[in-house]
Protein chains: 2
Amino acid sequence: MTEIKRPGALYQQVAAAIRDAILSGEFAPGAPLPSEAQLIERYKVSRPTVRNAVAALRAEGLVNVQHGKGSFVRTSGLPPVTVERRISRSGSAGPFVTHDGITWEQPDEPKIYRTETTAITGPPLGLGEGEALFGCDRLLTDPATGTRALHRTLIPFATAEDTELAQAPDTEPAAIYELLTKAGHKLWWTETVQARMPLPDERDALQIPDATPVLHTTRTTHGTNDQPLILEDLRISAERAQLAYRITAEKPPAARRARA
Amino acid sequence: MTEIKRPGALYQQVAAAIRDAILSGEFAPGAPLPSEAQLIERYKVSRPTVRNAVAALRAEGLVNVQHGKGSFVRTSGLPPVTVERRISRSGSAGPFVTHDGITWEQPDEPKIYRTETTAITGPPLGLGEGEALFGCDRLLTDPATGTRALHRTLIPFATAEDTELAQAPDTEPAAIYELLTKAGHKLWWTETVQARMPLPDERDALQIPDATPVLHTTRTTHGTNDQPLILEDLRISAERAQLAYRITAEKPPAARRARA
DNA sequence: AGTCTCAACTCGTAAGGACGAGTGACGTCA
DNA sequence: TGACGTCACTCGTCCTTACGAGTTGAGACT
């Protein structure tokens with residue numbers, strides 16, 4: 001038995017011992033951990049204790065477990081995809097809206113539907129709850145890396161009527177921006193970023209492994225007079241992606257306060 | 001026994017049943033779940049199965065468990081703190097650098113130290129590995145909401161020598177920007193956002209509850225000639241915070257490609 | 001040689017029992 | 001009345017045992 005330290009529960013001591021072994025290089029990234037039976041032998045504890053310890057390491061994102069094969073040290077590696085959150089100068093042509101840095105593909109048809117604003121989606125659009133919206137959901141993939149993302153566009157009826165969007169709510173964002181600009185709007189955007197654990201359907205659609213959150217960005221497009229026109233929504237596995245922004249010094253604008 | 005559905009393992013069926021009960025409003029946010037004993041009675045399963053089900057809900061972030069008290073439906077609520085990621089016009093005066101939207105306090109002294117660039121910190125600074133750095137770590141708190149954040153400043157020796165930063169590596173970011181501007185730099189910034197599960201020490205320092213990730217932003221300050229001058233690093237619990245950006249249309253700049 | 005079956009390995013699920021530890025309320029005692 | 005201790009309730013930890021299910025390779029059969 002490799003020696004075990006003080007703090008707390010047995011399974012935590014075992015987890016700490018395995019964690020140290022990983023960090024010290026005894027178990028290299030990608031390499032298999034000892035099997036449960038071997039860990040039982042090594043630390044002289046029962047199987048539930050071993051499983052509890054491994055579960056803790058799993059929740060930390062240190063270890064991957066595969067049924068029938070074994071447990072493996074997770075290869076960290078920097079997020080391979082950097083999504084640049086700027087507004088591309090539409091060019092367009094590619095399979096999707098290269099609405100940020102990369103060229104996405106759409107394996108499925110965009111799903112178009114109608115909804116209403118909620119307590120979440122209403123405020124950023126400057127609307128109450130229950131106002132009519134066009135919605136369009138897309139599953140995007142980056143063929144180069146296999147990264148997947150869920151994209152959603154929400155178009156208030158008011159915005160749709162001023163353009164031809166009512167006839168084609170599945171217009172791609174870059175094209176929407178173009179339409180709005182042609183309609184006389186000078187556009188700017190606000191974007192918020194949140195992180196949370198994925199819902200079961202998101203785990204599914206985005207193929208998210210254990211203990212990895214989703215990055216959830218919400219972008220509001222503002223037109224002349226600063227009124228909100230469009231709401232976009234991008235969800236992406238945080239394992240494979242990071243977001244990138246470019247910031248320039250700004251003259252004191254109309255003071256905009258952090259919301260409580 | 002409230003009826004139970006098909007899919008998969010028993011504990012998953014129980015978890016699904018409880019999840020539905022929560023979503024249907026039978027257990028309101030903040031309200032206590034039935035105790036383990038009651039769940040055993042209700043679903044006619046053993047205690048490990050109940051505990052496994054509750055653990056699943058915990059990992060989803062749906063439920064909070066308190067030793068000796070019970071399990072409670074987690075109150076979601078939108079992240080109460082919005083951190084605006086722009087460059088404040090330094091005004092300064094407040095307790096900390098209001099380097100984004102809010103006024104932070106520093107309960108502890110900033111920790112100043114020396115390090116070297118790593119495989120992570122080197123590239124964004126345009127340096128190799130092992131180059132000397134000044135470091136400064138801060139714990140920030142927002143007294144209004146109790147939100148906490150970890151802030152780190154990394155200053156390459158080259159940058160420190162051109163200013164007076166070698167004497168005071170704990171200068172606050174807004175003041176650093178001012179110094180650099182006075183030194184003749186026209187500044188701009190890049191910022192990347194990642195999300196991941198917290199390390200044990202981050203869970204501690206930021207008081208992060210179960211199943212909530214950290215938002216990890218890295219900001220590089222660029223000066224004239226676009227060379228990187230400073231690296232900043234902000235880590236914050238994703239439960240209490242979201243990041244906000246303002247984006248304006250840009251003329252096609254020198255093409256900047258997404259890193260692989 | 002090629003295919004197939006099976007056995008041995010992995011982790012996953014489920015039950016049962018026992019005890020420890022944190023919390024809060026109630027009742028007793030000063 | 002007030003302070004304190006006990007007790008009943010919660011979840012946390014740990015053990016034993018048993019069987020199911022996915023994966024892989026070795027051996028037998030065709």
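Keep in mind that this is a model prediction, so the values were computed, not measured. Each chain gets a letter, A, B and so on, in the order its sequence line appears, and its residues count up from 1.
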Short heteroatom pairs, N/O only, protein and nucleotides 23-25 of chain C, under 3.5 Å:
| unit_1 | atom_1 | unit_2 | atom_2 | d |
| --- | --- | --- | --- | --- |
| C/dG24 | OP1 | B/Lys69 | NZ | 3.2 |

Mapping B/Pro34 and B/Pro48 to their closest nucleotides on DNA chain D, which lands nearer the 5' end?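 Residue closer to the 5' terminus by nearest nucleotide: B/Pro34.
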
Can you tell whether the side chains of B/Arg203 and B/Asp210 come within less than 4.0 Å, N to carboxylate O?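 A salt bridge is present here (some side-chain N lies under 4.0 Å from a carboxylate O).
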
Separation of [N] [atom2] from [X] [atom1] (nearest whole Å):
X        : N      : atom1 : atom2 : value
B/Leu10  : C/dG16 : CG    : C1'   : 15 Å
A/Asn64  : C/dG12 : CG    : P     : 11 Å
B/Glu36  : C/dG20 : CD    : P     : 18 Å
A/Ile40  : C/dC9  : CD1   : P     : 14 Å
B/Arg51  : C/dG20 : CZ    : C1'   : 13 Å
A/Asp210 : C/dC11 : CG    : P     : 15 Å

What closest approach, in Å, do [X] and [Y] show between heavy atoms, and which atom pair accounts for it?
X        : Y        : value
B/Pro29  : B/Arg74  : CB-O, 4.3 Å
A/Arg58  : A/Ala211 : O-CB, 3.2 Å
B/Ser237 : B/Thr212 : OG-OG1, 4.2 Å

Euclidean distance, B/Thr192 OG1 relative to A/Leu243 CG, rounded to 0.5 Å: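 Reported to 0.5 Å precision, the distance equals 9.0 Å.
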
As an exercise, state the distance from CZ of A/Arg219 to CG of A/Leu231, rounded to the nearest 0.5 Å.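 Spacing of CZ (A/Arg219) from CG (A/Leu231) equals 11.0 Å.
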
Can you tell me if A/Ser35 touches the phosphate of C/dT10, counting only side-chain N or O atoms and a distance under 4.0 Å to OP1 or OP2?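 Yes, within the criterion.
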
Do any side-chain nitrogens or oxygens of B/Arg47 fall under 4.0 Å of OP1 or OP2 in C/dA15?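 Answer is no, no contact under 4.0 Å.
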
Nucleotides bounding contact with chain B, strand DNA chain D, heavy-atom threshold 4.0 Å: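 Both ends considered, the range comes out as D/dT10 to D/dT13.
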
From B/Arg196, B/His216, B/Gln207, residue fulfilling side-chain hydrogen bond (donor to acceptor under 3.5 Å, both in side chains) relative to B/Glu202: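 Exactly one option meets the side-chain hydrogen bond (donor to acceptor under 3.5 Å, both in side chains) with B/Glu202, and it is B/Arg196.
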
What residue among A/Leu234, A/Asp137, A/Leu139, A/Ile236 forms side chain to side chain contact (heavy atoms under 4.5 Å, CB included) with A/His151?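 Of all the options given, the one that passes is A/Leu234.
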
Pick from B/Asn64, B/Leu62, B/Val14, B/Val73: which one makes a side chain to side chain contact (heavy atoms under 4.5 Å, CB included) with B/Leu57?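 Exactly one pass, corresponding to B/Leu62.
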
